[in-house]
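Right, one structure below, let's go through it.
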Number of protein chains: 2
Amino acid sequence: MVQESRKKEILKILDEHESLSVQELEYRFKVSQMTIRRDLTDLETQGYLIRKYGGAVKSEAVDSLFSFNKRLEENGRQKEKICRIASSFIEDDDVIFIDCGTTLFRLSHYIQNKTRLRVITNSLPVVSELINYSNINITFIGGDVVGDRKASYGDTAERLIGEYHADKAFIGADGVSLSKGLSSYDEKEARITRKMAENADKVFLLCDSSKIEKNSFYRFAPVSLINVLITERKISGEETSRYRDNDISIITNTEEE
Amino acid sequence: MVQESRKKEILKILDEHESLSVQELEYRFKVSQMTIRRDLTDLETQGYLIRKYGGAVKSEAVDSLFSFNKRLEENGRQKEKICRIASSFIEDDDVIFIDCGTTLFRLSHYIQNKTRLRVITNSLPVVSELINYSNINITFIGGDVVGDRKASYGDTAERLIGEYHADKAFIGADGVSLSKGLSSYDEKEARITRKMAENADKVFLLCDSSKIEKNSFYRFAPVSLINVLITERKISGEETSRYRDNDISIITNTEEE
DNA sequence: TACGCAATGATCGATTATGATCGATTCAAT
DNA sequence: ATTGAATCGATCATAATCGATCATTGCGTA
């Protein structure tokens, strides 16, 4: 058996079970412990799993690496809706920032028919999606590439964003609340998001309703940073008006406000 | 059996199985290992499969954001050779520039097992190839993304390169001659190449022999810019020494100098 | 027939994967 | 905390595979 297919087989087994032990793999493939350990070490450096004493467990990154698609599936319908709404705000000749993350990635599906768009992004999947469309100019924000996020971050990236200015920024967050503002579980990601928002005339937050009035651990901006909150279903009327009091429009479905 | 139908048969077998080994093909077709290996190498350069130690796996198996259409490529065998040679110059802990282009892209295959490498590149396929390896740090040079080249160019890109310094630069060119230096058919590409070379301690030009002593229309650097010329087959002794007179080593195969 | 060209096979040194050993480390039970 | 068993990684030896090279074969054509 080719080494490569053994590793692939290991990943398949891991996909079906939560974890796996060196012992069972040793027996399964009829090779020595040492070989299995080496396989696991390799797979770990490639980010496919995390080694534990006696075996290995799934890695967080596996979802996104193995199938970016699979993760898109959860809440997929909602995200589609959000992105459709968001895309209606994009006009020809716009210059827009697109943040990274699965929701924002979906947005790139919906802008392929616009003309003379300039997209500034740090998300590799977004670039990959738009690269073949000659009607769209892409500016990629360089910097340190983080594998499991498929995007670039760091000081350089932040500085570069500051050099650009866009008409609109489409950003994501892991939580948003009136009292505590926008929050994220990842600081470096949040810094990029904030920078994009600061350098755009109008800021759109794409956010499924499960994240509204929730807080993640890193609070990176007041809610006043955004101008429009796009979500997939109606928020209570009272809440809507409280956002409106902060000069933030909430958009759900096709009705504006 | 004719070579062509054997290759076709190999692809059929691969289609039914996840992977295939040189051994089983050797037995299946009653030919030597060497022939099978040559078939597999050819099929790889045409993009039909990916060679692994002991055999090959399906090419769709690799998830890649950006891929070149290798099918149209010529001189695949030679480029592989050049890249293997080039990779032997890369050491652990190196900081390296990798230029864009199909030849340089192949180089990324051969550096995945190095440790603590930092790769600075403007080539999206290179990023996509290395992104899953946590032992390799990637810095992407941002800028205007050009779709058909799958890389970023422009003033921003050039300026960013100037902010970095690398131990080694691996670059390409469309022509190189002692009298007229390095030349390219694309100015923006050449400017990136030159910038990388200027910011590295040692410059390696990867160049199949068909480009040696040829000139393309845009001359962008004197031959003194490079330190090592890596090509796939021997240049005439007289020519070699003329390059050596310019302090440039010519490397073909494993023999240095 | 002689020649050239491409495909193939054989060989060899180099590289890579694997297996075995062993002291160090980790885990779990007391 | 202590102890014993399991597991680990480092190392070395071995086996398998690799690519480079050269010799051979097969085949069409001058």
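- Gln33(A) comes within 4.0 angstrom of no nucleic acid atom, judged by non-hydrogen atoms across all strands.
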Decide side-chain contact (heavy atoms from CB on, under 4.5 Å) for Phe140(B) and Leu124(A); before the verdict, give the C-alpha distance in whole Å, the side-chain angles of both, and the deciding distance to 0.1 Å.
CA-CA 10 Å; Phe140(B) 189 77; Leu124(A) 288 167; 5.7 Å; no
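- The distance from atom CG of Leu25(B) to atom C1' of dT8(C) is 16 Å, rounded to the nearest whole Å.
- Rounded to whole angstrom, the span from the NZ atom of Lys52(B) across to the C1' atom of dT16(C) amounts to 14 Å.
- Put simply, CD on Gln23(B) is 12 Å from C1' on dA15(D), counting in whole angstrom units.
- In this structure, Glu80(B) places its CD atom 15 Å from C1' of dA20(D), rounding to the nearest Å.
- Spacing between atom CD of Glu24(A) and atom P of dA6(D) amounts to 17 Å, rounded to whole angstrom units.
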Residues Ser5(A), Ser19(B); criterion side-chain hydrogen bond (donor to acceptor under 3.5 Å, both in side chains); working and verdict:
CA-CA 6 Å; Ser5(A) 51; Ser19(B) 66; 3.3 Å; yes
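- Relative to the side chain of Met34(B), the nucleotides dA20(D), dT18(C), dA10(D) differ in distance, and dA20(D) lies closest.
- Residue Arg51(A) has a polar side-chain atom (N or O) positioned under 4.0 Å from OP1 or OP2 of dG9(D).
- Among the heavy atoms of the strands lying under 4.0 Å from Arg38(A) is at least one base atom, whether or not backbone atoms are also near.
- Whole-Å rounding puts the Leu40(A) CG to dT7(D) P distance at 13 Å.
- Separating the CD1 atom in Ile96(B) from the OG1 atom in Thr121(B) is a distance of 9.0 Å, to the nearest 0.5 Å.
- Using a 4.0 Å cut-off, some side-chain N or O of Arg6(B) falls inside it from OP1 or OP2 of dT8(C).
- Closest contact between the side chain of Val31(A) and the listed nucleotides dT17(D), dG19(C), dA17(C) involves dG19(C).
- Comparing dG19(C), dG19(D), dT26(C) against the side chain of Tyr53(A) picks out dT26(C) as the nearest.
- Comparing Lys30(B) and Thr35(A) along DNA chain C, the residue whose closest nucleotide (by nearest heavy atom) sits nearer the 5' end is Lys30(B).
- For the atom pair CD1 of Ile171(B) and CG of Leu205(B), the computed distance is 5.0 Å after rounding to the nearest 0.5 Å.
- Atom P of nucleotide dA17(C) and atom CD of Gln112(B) are separated by 12 Å, given to the nearest angstrom.
- Phosphate contact (OP1/OP2 of dG19(C), side-chain N/O of Ser32(A), threshold under 4.0 Å): present.
- dT21(D) atom C1' lies 13 Å from atom CZ of Arg37(B), rounded to whole Å.
- Of the candidates dA20(D), dC8(D), dA16(D), dA20(D) carries the atom nearest the Arg84(B) side chain, counting heavy atoms from C-beta on.
- The salt bridge (Lys or Arg N to Asp or Glu O under 4.0 Å) test with Glu80(B) is passed by exactly one of Arg106(B), Arg51(B), Arg38(B), Arg37(B): Arg106(B).
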